[in-house]
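Beneath this line is the structure, given in structure tokens, with notes to follow.
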Amino acid sequence: MGLTLFNTAGPGLEPFVPIRDGHVGLYCCGPTVYNYAHIGNLRTYVFEDVLRRVLERHGYDVAHVMNVTDVGHLTDDADEGEDKMLVGARERGMSVWEIAEFFTRAFFADIGKLNVVPPTTVCRATEHIPEMIELISRLEERGLTYQAGGNVYFSIDAFPRYGELARLDRQELRAGARIAVDSAKRNPHDFVLWFTEGKFEHQAMQWDSPWGRGYPGWHLECSAMSMKYLGEHFDIHCGGVDHVNVHHTNEIAQSEGATGKRWVNYWLHGEFLIMPSGRMGKSEGNMITLSTLEEEGYHALDYRYFLFGAHYRTQLSFSVEALDAARSARASLLEHLRSLAADAPGGPSRELGHDARRALQRIDDAFNDDLNAPRALGLLRAFLKDDTVAAAERLAVAYDTDGVFGLDMQTSLARREQLAPEHAAMIVEREEARKARDFATADALRDRLREAGVVIEDTPSGTKWKIV
RNA sequence: GGCGCCGUACCCAAGUGGCUAAGGGAGAGGUCUGCAAAACCUCCAUUCACCGGUUCGAAUCCGGUCGGCGCCUCCA
């Protein structure tokens with residue numbers, strides 16, 4: 001079964017066919033580094049990671065590019081207001097460059113903990129200003145821009161295909177329904193390509209340009225950098241659903257406006273993580289970071305497992321109950337694998353029988369069906385319970401498919417085997433207490449070990465322990 | 001106001017015309033145990049928000065009602 005993906009820019013589900021055999025150009029909208037990423041943001045990167053892993057499982061050589069937006073986002077709407085970087089810097093007493101670096105590191109640390117395979121190319125907006133200026137010049141040559149009020153704007157009326165991605169009805173666009181319209185715009189949906197210093201005196205990051213000293217509009221970086229690293233026509237562009245209407249719509253307008261040809265073949269969009277109070281966001285005041293979860297005693301991979309509870313194109317409800325369920329589920333999965341490993345002294349089987357091959361195929365089919373991770377995980381767990389199949393084969397299927405799940409099954413298992421010497425000593429001490437039928441001492445030791453993250457299990461074949 | 005998505009057991013959810021409605025968590029009973037924990041076994045939706053319709057047949061398609069969410073604004 002070939003890979004089928006849901007293309008926002010197409011009729012929906014479509015077979016994936018790369019532009020160049022064996023190669024895939026993949027661009028994923030990256031973080032704005034003025035704050036920590038919250039777990040809603042991270043959901044999107046995990047979805048993209050599954051895509052990356054599935055593509056590589058198909059044998060594609062994936063050029064995976066991600067931008068880091070360290071300039072250009074405005075705190076306010078409608079192209080007004082201060083740069084978010086500036087606000088963040090002021091709050092923390094850091095320079096905008098320092099704060100960008102700080103949160104960039106924090107971001108990659110987070111996705112690393114989630115076992116997200118790093119992009120092959122990470123590019124910073126501030127390091128690609130010349131490319132952005134070049135792109136504006138191309139648009140200018142083609143008559144798609146105008147200058148007004150100190151800014152350079154993209155004129156959507158000069159680009160007939162504007163809004164096709166989001167299926168926007170040009171007549172129905174109601175700009176200004178909730179915000180004040182920039183009076184310099186000819187069409188309310190025109191957007192800024194270049195801001196000049198005359199407009200915002202406090203903008204911290206500025207560059208010289210043919211239109212005056214200033215800084216680029218937000219959408220520009222993705223167009224300029226993706227084309228630099230992936231060419232003017234590439235395979236897949238990903239991001240969150242919130243980007244469909246504005247960000248990606250504008251990216252398409254300026255990219256295709258500049259080249260006069262098709263830019264991206266497949267657009268994939270991940271849905272939101274929903275809190276009881278609705279969408280997660282800084283302004284909504286319901287932000288949870290990965291660090292928050294870790295402080296609460298969850299492992300980053302518990303969150304990754306949690307995300308596999310729902311398909312990437314459906315909203316996922318977040319709750320501590322649901323996260324607890326995922327943590328328990330991941331623990332039981334590892335426990336299950338441990339017992340299978342114990343029954344398979346030779347390790348995972350290299351040869352698979354009919355049933356194991358079929359299970360493997362069905363799991364791959366689920367991933368190939370628009371990255372259906374929840375179905376794949378359900379199939380894996382059902383298969384692992386099938387004791388008509390040799391433990392070694394079940395283990396082999398689990399480890400093999402973990403190449404896509406990315407739950408780090410083998411490593412997580414191994415980690416549980418590493419016992420600190422003082423804990424080993426306590427276990428021995430407890431065994432002696434039990435033999436002496438001094439259960440009070442034994443139970444106290446068990447409690448202390450539990451607090452240290454070592455769980456004790458007395459079984460007919462002796463006392464066992466594991467790291468949690 | 002416009003556009004779109006969703007509503008499956010206590011919870012998270014898969015399922016997109018036809019085998020017994022995945023899987024996980026929680027819960028109940030049992031085996032085991034000094035007690036626990038874990039593991040294993042068993043049980044846990046004749047039913048898919050509600051009402052109509054299409055069909056030999058629908059959770060799955062169509063229409064309506066109610067409810068939730070998202071986008072239309074920087075935002076994953």
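Keep in mind that the numbers below use all heavy atoms, side chains included, and drop hydrogens, waters and symmetry copies. If you're wondering where the values come from, they're calculated on a predicted model, not measured in any experiment. Every chain is numbered from 1 and lettered A, B, ... according to where its sequence line falls, protein lines coming before strand lines.
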- request: Enumerate the residue pairs fulfilling salt bridge (Lys or Arg N to Asp or Glu O under 4.0 Å) with a member in residues 385-399 of chain A, sequence neighbours excluded, ordered by first and then second residue.
  value: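 For residues 385-399 of chain A: none.
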
- request: May I have all residue pairs that pass salt bridge (Lys or Arg N to Asp or Glu O under 4.0 Å) and include part of residues 35-45 of chain A, sequence neighbours excluded?
  value: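 Qualifying pairs, neighbours excluded: none.
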
A/Arg381, CZ: over 12 other non-hydrogen atoms inside 6.0 angstrom: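 Enclosed: over 12 neighbouring heavy atoms sit under 6.0 Å from CZ of A/Arg381.
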
task: Sort by first number and list every stem of RNA chain B: at least 3 consecutive Watson-Crick or G-U wobble pairs, both distances under 3.5 Å.
output: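 RNA chain B forms these stems: B:1-7 with B:66-72, B:10-12 with B:23-25, B:27-31 with B:39-43, B:49-53 with B:61-65.
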
Taking the minimum atom-to-atom distance to the side chain of [X], which one of [options] wins?
X	options	answer
A/His336	B/rA37, B/rC40, B/rC71	B/rC40
A/Ala310	B/rA13, B/rC71, B/rA76	B/rA13
A/Glu457	B/rA13, B/rC35, B/rA38	B/rA38
A/His311	B/rA14, B/rG34, B/rG70	B/rA14
A/Glu335	B/rG70, B/rA37, B/rA38	B/rA38
A/Asp458	B/rG24, B/rG34, B/rA37	B/rG34

When the [atom1] atoms of [M] and [N] are compared, how many Å lie between them, rounded to an integer?
N	M	atom1	value
B/rU54	B/rA9	P	28 Å
B/rG4	B/rC12	C1'	24 Å
B/rG34	B/rG24	P	30 Å
B/rA58	B/rU20	P	14 Å
B/rU46	B/rC41	C1'	25 Å
B/rC69	B/rA49	C1'	15 Å
B/rA21	B/rA59	C1'	8 Å
B/rG64	B/rC11	C1'	31 Å

Protein-nucleotide distance ([X], atom [atom1]; [N], atom [atom2]), rounded to Å:
X	N	atom1	atom2	answer
A/Arg434	B/rG34	CZ	C1'	8 Å
A/Asp324	B/rA26	CG	P	9 Å
A/Arg313	B/rA13	CZ	P	16 Å
A/Asn372	B/rU16	CG	C1'	12 Å
A/Leu273	B/rC71	CG	P	13 Å
A/Ile39	B/rA76	CD1	P	14 Å
A/Arg279	B/rC71	CZ	P	5 Å
A/Asn41	B/rA76	CG	P	5 Å

Checking all strands, does [X] fall into the base, sugar-phosphate, or nothing category for heavy-atom contacts under 4.0 angstrom?
X	value
A/Arg327	nothing
A/His243	sugar-phosphate
A/Ser332	sugar-phosphate
A/Leu42	nothing
A/Gly270	nothing

query: Could one point to a donor on the side chain of A/Asn245 or the base of B/rC3 with an acceptor on the other under 3.5 Å away?
result: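 No.
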
RNA chain B-proximal residues of [range], any heavy atom under 4.0 Å:
range	result
residues 112-124 of chain A	none
residues 381-402 of chain A	A/Arg381, A/Ala382, A/Lys385
residues 439-449 of chain A	A/Phe439, A/Asp443, A/Arg446

message: Both A/Gly378 and A/Ser317 contact RNA chain B. Taking the nearest nucleotide for each, which residue is further toward the 5' end?
response: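 The residue closer to the strand's 5' end, by nearest nucleotide, is A/Ser317.
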
message: Pick the closest RNA chain B nucleotide for A/Leu377 and for A/Pro31 by heavy atoms, then say which residue is nearer the 5' end.
response: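 Whichever sits nearer the 5' end wins; that is A/Leu377.
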
message: Between A/His237 and A/His248, is the ring centroid distance below 6.0 Å?
response: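 A/His237 vs A/His248: aromatic centres under 6.0 Å.
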
OP1 or OP2 of [N] sitting under 4.0 Å from any side-chain N/O of [X]?
X	N	result
A/Thr314	B/rA14	yes
A/Ser319	B/rC12	no
A/Ser328	B/rG24	no

Residue pair A/Asp369 / A/Thr4, side-chain donor-acceptor N/O under 3.5 Å: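 Their side chains do not contain a donor-acceptor pair, so the 3.5 Å distance test is not met.
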
query: Does a side chain donor of either A/Asp235 or A/Tyr27 reach within less than 3.5 Å of an acceptor in the other side chain?
result: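 On atom types as modelled, these side chains do not qualify, holding no pair under 3.5 Å.
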
Suppose we screen for side-chain contact (heavy atoms from CB on, under 4.5 Å). Which residues come up paired with [X], at least two apart in sequence or across chains?
X	value
A/Glu321	A/Ser319
A/Asn41	A/Ala37, A/His38, A/Tyr45
A/Asp408	A/Asn115, A/Leu301, A/Thr411, A/Ser412
A/Arg57	A/Leu360, A/Asp364, A/Asp400, A/Thr401, A/Val404

message: Given the ring of A/Tyr153, does A/Arg186 sit roughly above its face, with NZ or CZ under 6.0 Å from the centre of the six-membered ring and within 45° of the axis?
response: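 No, A/Arg186 and A/Tyr153 do not form such a contact.
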
field: Sequence neighbours excluded - ring-ring contact (aromatic ring centres under 6.0 Å, His included) pairs with any residue from residues 357-389 of chain A
entry: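 Listed by first then second residue: A/Phe367-A/Phe405.
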
message: According to salt bridge (Lys or Arg N to Asp or Glu O under 4.0 Å), who are the partners of A/Arg105, at least two apart in sequence or on a separate chain?
response: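 A/Arg105 satisfies salt bridge (Lys or Arg N to Asp or Glu O under 4.0 Å) with A/Glu101 only.
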
Does a salt bridge link [X] with [Y], judged by any charged N lying under 4.0 Å from a carboxylate O?
X	Y	result
A/Asp443	A/Arg446	yes
A/Lys435	A/Glu432	no
A/Asp365	A/Arg362	no

task: Name the orientation class of the two ring planes belonging to A/Phe318 and A/Phe306 (parallel below 30°, tilted from 30 to 60°, perpendicular beyond 60°).
output: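 It falls in the perpendicular class, over 60°.
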
